[in-house]
Amino acid sequence: MESFEALVNGTVYRNEENGYSVVSVQIGRSEKTVVGVMPPLHPGEQAAFEGEWVEHSKFGKQFKCTRCTPIAPTTLLGIERFLGSGAVKGVGRKTAKDIVAAFGEETLTVLSTYPERLQEIPGMGKKRWRQIAESFQAASAEREAMIFLQQYGITAALAARIGKLYGDRAREVVQTNPYRLCEDLEGVGFVTADRIAIAMGIAPDSEDRIRAALRYLLQEAAGSMGHVFLYRDDLIQRAVVLLNLEPELPERQLRAMALERDVKLSEDEEGRTQVWLPHYEAAEREVAQRLCELMAAAPHTAEMNADEAIARYERQHGVAFSPRQREAIASAVQHGVLVITGGPGTGKTTIINCILQLLSAEGEVSLCAPTGRAAKRMSEATGREAKTIHRLLEYGGEEGVFARNAQTPLETDCVIVDEASMIDLMLMRSLLRAIEPGARLLIVGDSDQLPSVGPGNVLGDILESGVVPSVRLNEIFRQAENSRIVVNAHRINHGEMPLWNEKGTDFFFERTQAPYETAQKVVSLVTQRLPRFLHLQDEDRARHIQVLAPARKGDCGVITLNFMLQQALNPPSPEKPTLTWGENVFRLGDKVIQTHNDYTLGWRRETRYGWEEGQGVFNGDVGCVTDVDTEEHTLIVHFDEDRDVVYGSAELENLELAYCLSVHKSQGSEFEAVVMPVCGGPPMLLTRNLIYTALTRARGLVMLIGREETVRQMVENDHVLRRNTDLNRRLRQAAEVYLS
């Protein structure tokens, strides 16, 4: 084992997921390469490295690092390079030079102990110096935490997140109870926290360990599979495997947790014990109750002769509704709550416009959808403003906190919510809390699409219960019959292969064999052939053509295709500044997507009345990079609803390229053309409702590329993982109380 100290010249490559880095360092007059898992290192600082020299077949001699300890820079040039490298938010190269010129070798002491002295620098405002001070102190706490945590095998990237979350308390929190990481830090699983705990000497049968495992298993089931509870026997068996303990130990702790109300136990109709995290159990119960309360209350609007109103609308607009459409419109007028479901081309939008006109004559109608893109589509289809559910409820910058709730309900007589298959349990509860009994609720969605990303099966359970009035539209109308996209969506839904490559139609299939060949064909189609076919300008290709992939990894996965498409659609250029985060390179003009909910990230938009500001950017929001500031290490993304969001280094971990999206991430969106590789993969991904959801995202053209056998597998694979939910039964129970 060798060790040395060296000056950091820069980071050549860094994977933020696992902390693996390739760093250029200066040892005397020689420039060397150090590789391994390390904390973030910035030009100008010193670091101590431990490891061994190895010979790489391609890159030559390298130092393979097993331990890295950053050392604060001591020279004026080193301090200046360190501050100007992006390590401190708000400090670019010019500001770094000004700070070092003012304080010299005392710069780091001033920043850590007397940051108010930054006001001595000409032009340094109060807001700016506080931002710099807070960033420097946070970075210092993060660095100390990383050094401490690495001895327990924690990756540099995770250590950085722990430091940001707990600040100078990071070491104390982790030493006291490392299992808190599972609950406090998104993306940290029990296995990681458990590895730290065991290394610290926590006993395998400790109460904290077993309880953390049980909570983790329940939360993991919700996050990855959509379950809002697990059956007791299933939970215990999972805990036995995870903990490598006898069943009696988790059983004992589960009973204790139930007594202390850390979990909720109940029985289903077959007598099986369900184990819930309390907030999911309470949410399901409340959703059932509030839906039944809305159904029981008489709508505020006056009595209306639905048949006469529908006939009048038909004469005014030159349309003729089918009997099922008439039934849906009349039901919307008559009932407090109604669900309208159906696939593409069945006239959902047409009848919504009629319902909207009829009910608007009687009172205020509010339109909403789960995502910005879905709300935008709703606005375009109706000619009326539609908001995201979060915006309608006046989201307050903290998870689940809305200004509109049971105490301050929406001032409306009717809420129409579209793309309801995307609404998870917790968001549905928030929406229902804000709708006052006496107002109408119209739920519109396609129950054959993929379920919500979040836990629950709200639309499916409501329909299955039979309690809420519903109308299923299944007739394809004449104007939609000419679209093979619509026809094929219904064929796939019935287990039939799609029809393709017919002259003058909008659904095509191109055969390829090898996955890499398929990926190259995708790029060629998006960059050359489809733009010519659709008469698109180069700058419109990424906006109108969307690649959707079943999987994230592999030659035809989201990650690889995004890299290839970025190189083809938005290649490097001196006029396009870039920022790098991990393996992602963000360039001016890139199409990007937010990958996790960030409840505190601020946005602003320009309105006719001036600038409006708010908080919250959500999983699935897609936008475009409109500005890159390499000096301040920030970029601006313009999202739907005209929101501009500034991303600093800390926020970039939740941003990815969006030239290619997973099918799940595309829900609620509509694109002029959809290109989808179909070249094999895990059976759990290659399902009927996945390909159905993908092709129904297309407005004008679908292009499948790959193997016909893969398409056949997907069409025949109608397996849908049954989510553990109980809303169906709770609705039937609530109906006996409120509707009997």
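Here, residue 1 is the first one in the sequence, and each next residue gets the next number. Just so it is clear, the structure is predicted and the values come from calculations on it, not from any experiment.
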When you check the side-chain N and O atoms of [X] and [Y], is any donor under 3.5 Å from an acceptor?
X      : Y      : answer
Gln237 : Tyr231 : no
Gln667 : Thr693 : no
Asn570 : Lys591 : no
Thr725 : Asp461 : yes
Glu656 : Asn584 : no
Asn619 : His596 : no
Asp629 : Thr634 : no

To the nearest 0.5 Å, tell me how far [X] [atom1] sits from [Y] [atom2].
X      : Y      : atom1 : atom2 : value
Arg552 : His664 : CZ    : NE2   : 13.0 Å
Asp424 : Met422 : CG    : CE    : 10.0 Å
Tyr216 : Leu242 : OH    : CG    : 7.0 Å

- With a 4.5 Å heavy-atom cut-off, do Thr696 and Ile485 have their side chains touching?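 Not in contact.
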- Message: Do Thr371 and Thr388 make a side-chain contact, defined as non-hydrogen atoms from C-beta onward lying under 4.5 Å apart?
- Response: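 Counting from C-beta outward, Thr371 and Thr388 never come under 4.5 Å.
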- Message: Using the salt bridge (Lys or Arg N to Asp or Glu O under 4.0 Å) criterion, which residues pair with Arg377? Sequence neighbours excluded.
- Response: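 Partners of Arg377 by the salt bridge (Lys or Arg N to Asp or Glu O under 4.0 Å) criterion, ordered by chain and then number, come out as Glu419, Glu670.
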- Residues which pass salt bridge (Lys or Arg N to Asp or Glu O under 4.0 Å) with Glu52, listed by chain and number, not counting sequence neighbours: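 Here no residue qualifies.
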Could you list the residues that satisfy ring-ring contact (aromatic ring centres under 6.0 Å, His included) with [X], not counting sequence neighbours?
X      : answer
Tyr659 : none
Tyr516 : none
Phe671 : none
His390 : Tyr395, Phe402, Phe618

- Query: Which side chain to side chain donor-acceptor pair (under 3.5 Å) pairs, counting each pair once, include a residue from residues 674-689, with sequence neighbours left out?
  - Reply: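 Residue pairs passing side chain to side chain donor-acceptor pair (under 3.5 Å), neighbours aside: Thr687-Asn689.
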- Query: Tell me, which pairs form a side chain to side chain donor-acceptor pair (under 3.5 Å) where one or both residues lie in residues 522-536, sequence neighbours left out?
  - Reply: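 Residue pairs with at least one partner in residues 522-536: Glu510-Arg529.
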Using every non-hydrogen atom in the two residues, find where [X] and [Y] come nearest and quote the distance to one decimal.
X      : Y      : result
Ala213 : Leu243 : CB-CD2, 3.6 Å
Pro498 : Asn488 : CA-OD1, 3.3 Å
Ala549 : Cys660 : CB-SG, 3.7 Å

Is there a donor-acceptor contact under 3.5 Å from the side chain of [X] to the main chain of [Y]?
X      : Y      : answer
Thr710 : Gly680 : yes
Ser573 : Glu575 : yes
Ser21  : Val23  : no
Asp555 : Thr560 : no

- For Trp53, is the NZ or CZ atom of Lys64 found under 6.0 angstrom from the centre of its six-membered ring and inside 45 degrees of the ring axis?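 Verdict for Trp53: no cation-pi partner in Lys64.
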Would you mind checking if [Y] and [X] are paired as a salt bridge, meaning a charged N to carboxylate O distance below 4.0 Å?
X      : Y      : value
Asp621 : Arg643 : yes
Arg543 : Asp540 : yes
Glu517 : Lys521 : no

- Message: Does Asn501, at its CG atom, have more than 12 non-hydrogen atoms belonging to other residues, nucleotides or ligands within less than 6.0 Å?
- Response: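 Yes - once you tally the heavy atoms of other residues, nucleotides and ligands closer than 6.0 Å, there are more than 12.
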- Determine whether more than 12 heavy atoms belonging to other residues, nucleotides or ligands lie under 6.0 Å from atom NZ of Lys576.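 More than 12 heavy atoms, drawn from other residues, nucleotides or ligands, come within 6.0 Å of this atom.
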Residues that [X] engages under side-chain contact (heavy atoms from CB on, under 4.5 Å), provided they are two or more places apart:
X      : value
Lys348 : Thr346, Val444, Leu473
Ala381 : Thr349
Asn474 : Arg324
Thr341 : Ser447, Leu463, Arg472

- Task: If the plane angle is over 60° it's perpendicular, under 30° parallel, otherwise tilted; pick one for Phe508 and Phe533.
- Result: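 Ring orientation of Phe508 relative to Phe533: perpendicular.
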- Task: For side-chain contact (heavy atoms from CB on, under 4.5 Å), just list the numbers for Val25 and Phe49, CA-CA rounded to whole Å, side-chain angles, deciding distance to a tenth of an Å, and then say yes or no.
- Result: CA-CA 11 Å; Val25 302; Phe49 302 96; 4.0 Å; yes
